[in-house]
Structures are given as C-alpha cells and as structure tokens.
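Just below is one structure, and these are the notes that go with it.
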Protein chains: 2
Amino acid sequence: MNISPKKISDHQLEDQEISINHQKLIDATIETIAKRGLGDTTIAQVAKKAMVSQGYANFRFKSKENLLLSSLKFLSDEYKNSWQRIFEDNNLDPVGRVIKIIENDFSGKIANRNKIAVWVSFYSEVKFRPSYLSICQKQDEIYSSQMEKLIKEVNILNNQSFLTPREISETYLSMVDGLWQRILFDPKMYSHVFCKDLIKKYFRNIYADEKRFV
Amino acid sequence: MNISPKKISDHQLEDQEISINHQKLIDATIETIAKRGLGDTTIAQVAKKAMVSQGYANFRFKSKENLLLSSLKFLSDEYKNSWQRIFEDNNLDPVGRVIKIIENDFSGKIANRNKIAVWVSFYSEVKFRPSYLSICQKQDEIYSSQMEKLIKEVNILNNQSFLTPREISETYLSMVDGLWQRILFDPKMYSHVFCKDLIKKYFRNIYADEKRFV
DNA sequence: ACTCATATTGAATGATTATTCAATACAAAA
DNA sequence: TTTTGTATTGAATAATCATTCAATATGAGT
C-alpha cells in the first residue's frame, strides 16, 4: 500500500512529457481529428474533450501548430515502437518476422479507421508543412530499410532471385499505404482479414514453398 | 473568316458548365489547394488567381463548399476519362490494355505532385464529408470492376490460377494508391519510371511468360 | 441613345477561432 | 496561518474568412 504519491520535485516541468495533462491533450487532439477532421479541429474542442480550459491548452503547447505536431509525433512513435519490437525479436526467424509485421500493420491498434483518418490528415499537409514531413519521413526510412534487410534474408533462405529485396519491400510498403487508405473509404470491404490475406497471398506467390503465408 | 461569335442565347446560364469563369475558378481552386493545402485555401486567394472578384466566386458557386466539390468532381472526371478510353480501345489486347492502364496511372498528367496533393487533401476529409466520399467512391467502384474483368481475360490467356482476378486487381489498386502517396513524400525517389517498373515487375512475376511486362 | 437584363464588383457584416493575459485557485514551505 | 510560486482559468482581443448585397458595368435589343 501507501504508494508514494508523485514526489514531484521543483523541476516538475523540466521535461514536458511527465505531465498528465500533456498526454490528455494529445489524446483529445487525436480523437478530435478522427471525429471532425484536421480542418475542423479547434483548440476549444480539444480542450473541452481533455477537460481543461482553452487558455491552458494553448499555454501548455505554446501554439495549436505545436499541439498538432506533438500529436503526430506521438502517433508516429507509437507505430514505430510496434514494429521496432518485431524487428528486434530474436525468437523469430525471417519469415515469422514478416508475418508478424503484416499482422501488426493490420492490427486493431494500428489500422483502425480513426487512426488512419488522423494519419491521412497529416499526410495531406505534408507538402506544405516541412515539420510534418520530417517526422513521417525519418521513421519511414528506417522502416523501409529494416524491411528490405529482412526480405533479403527471406530471399536467401528461399532462393528467390527474380525480385530484388528492394522491389519486394517497396511493393509491400505501397500496398500497406494503399490498403490503409482504402480502409478509410470502405472499412467493411477492406477488413483486416482481407488486407492481411491479400498481402500474404502476394508473398505466397513469390515464395511458393513457404507454407506459412497461408 | 468571320467566325460567328458566340451567338449566346438568353439561356446562357442554363448549364453552368459553359461559362469560362466557371472553369477558371475550378482551375484556380486546384492550383491553390496544390500550393497551399486545403486548409489554407481561401476564396479570396482562389478568386485572385482566377482574376475575378471575391464576391463573384461566391456568387457563382453558391458556397465555398460547392466550389471545392465542383473541383473534386472535375478532377475525378478527368481521371475517369483517361482510363475509360483505355478500357474501350478495341485495338488493344488484354495485356496491352493493362500496360496502358499502368502508364496512364503514372503519366505526368495524372500522377504529378500537385494533383496528388489535391487528391489526398480530399481523401483526408472523406470520413467527414459524405459528398466527397460519394464522388470518389462511385468512380473507384467502376474502375475496380473494369480492372478485375480485364485481369480475368489476362488470367485466362496466361492460364494463371493461383491468384484470382480480384486479388490481382485489388493488389494493383492498392499499390497505385500507395505509390501516389509516396510520390507526395519523395517525388525524386518515386519517379514515374520507378513506379511503373515496380508494378510491371509485379505482373511479370505473375505472368512469367508475358515478355511485355518488361 | 436608351432600356433592361445580366455579370461583376468590392466593401461591409458577422461568425469563428487562435492567442493573450490578468485574475484566481492551489499547494507546499515557513 | 501566511507566504510564495506555480497551475489553471475564462473573458477579452485581434485576425481571418465566408457570405451578403447594394452599386455599377456591360452589352444586346430597340
């Protein structure tokens, strides 16, 4: 019992991240964008959802732009953590890893309509706000290169030579982006199962002997 | 000589489409969205680019929303016309048709960064504006079904049986959407040639005997 | 030249919204 | 309890914009 409460030093604001309100506001931002779109997201609405005053939201994040940026960063990190873990999992062989990656990319936590709506909102502004671009781009580069390396291992094990690892990995990445977008349009038709199966079929076609790509 | 000028009847406004200003405003809208993003597109800017007064732009289209909708419709029709023509071209055999479709989807007229920026802007709002969705969705359904039918013909000619026409066509469509999005991020890396080659390689892998998928 | 209908203007209006900031609540230290 | 520093409020401000509309230009028909 007696959980030592907070014991927050006088440096409590040294690192913004430790505040509860900080995260409440970010969550509220994501929810609001998901429900109303980036264009119709106002500080007032976000603050209301986070149950703090409007003035506070602005004070805390300095500006709306900064709040949006922090929310994108959060989403981006969340995604990154999810695949990072898979690439680093030593209990998996290459093909097992690929399968986990596919499952992660179409898991409920990642590929749900709300989060996709937020992603696409930010994507759509990438051309005009370099700060959005740099957040998205850096992580995508890492994901790309990790994926390519992984496919290289799979290729060797299955002596596949017609398609290069780069080609396979780029095809995979573009399919994922495309399918996510399609989930936004028609989530019934593009169910998680449908998407995963489509991608597994792609791999099955390349690696004919590998039975795990159902 | 003496080209009979206009001979516009008193019904000149019967059909909105015949006005020059109408199209000037739509073009200006697309350019403005491409340059500044949907969120920062104002009627004042569009009117200025179209060289009409702000009041006129609003008067002509009834509302900003309606102007945006008309612009999306225009873009959507332009795209539809481009592939419609290919599906209806009787001089082409199935594989020739597929190749033309790929080339069209990554032609300078369709897959340039400005137009993609506009598409994605609208996509990102699809969840919140049913009117956007219905414009995009209807055409996508036709494109999908035409594509599937086309692949069915290719499949038969090449006795391919592992992947269904539906699967191949869905894979193609999602790749296109994904690659378009990636062009937005990094148009240098995702050049038209790169995208087309990637997709052709996909088909080449499926239809191993078909040499035309370079 | 005059009339009349339509096209076009641009300034005014009102709504929305990010941002600011003086006032207040709160909680720890004295 | 009082002090003091920080957290939080909410009302005021100022900027931005879509929309309206009375005024004007235009040009065809008489």
For [X] and [N], what is the distance between atoms [atom1] and [atom2] respectively, to the nearest whole Å?
X	N	atom1	atom2	result
E65(A)	dA18(C)	CD	P	12 Å
F59(B)	dA12(C)	CZ	P	21 Å
K48(B)	dA18(D)	NZ	P	15 Å
D40(A)	dT16(C)	CG	P	12 Å
L67(B)	dT19(D)	CG	C1'	14 Å
K24(B)	dA7(C)	NZ	C1'	13 Å
K62(A)	dT20(C)	NZ	P	10 Å
I43(B)	dT19(D)	CD1	C1'	8 Å

Margin query: Taking K62(A)'s backbone N and O only, do any of them form a donor-acceptor pair with N66(A)'s side chain (distance below 3.5 Å, no angle check)?
Written below: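 Looks like no, no N/O pair under 3.5 Å.
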Notebook entry, point to check: Got a donor-acceptor contact below 3.5 angstrom from the W180(B) side chain to the D105(B) backbone?
Noted result: yes
Note to self: Salt bridge check, E78(B) against K115(B): does any charged N sit closer than 4.0 Å to a carboxylate O?
What the structure shows: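 Result for this pair is yes, salt bridge flagged.
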For the side chain of [X], starting at C-beta, report the closest nucleotide among [options].
X	options	result
Q54(B)	dT19(C), dA18(D), dT9(C)	dA18(D)
Y56(B)	dA18(D), dA7(C), dA18(C)	dA7(C)
S53(B)	dT20(D), dT9(C), dT8(D)	dT9(C)

Check: Think N58(A) has a side-chain N or O under 4.0 angstrom from the OP1 or OP2 of dA18(C)?
Finding: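 For dA18(C), OP1/OP2 do not have a side-chain N/O of N58(A) under 4.0 Å.
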Note to self: For dA7(D) and N21(A) - does any side-chain N or O of the residue sit under 4.0 Å from the phosphate oxygens OP1/OP2?
What the structure shows: no
Note to self: Rounded to the nearest 0.5 Å, what separates atom CG in L184(A) from atom CD in E125(B)?
What the structure shows: 10.5 Å
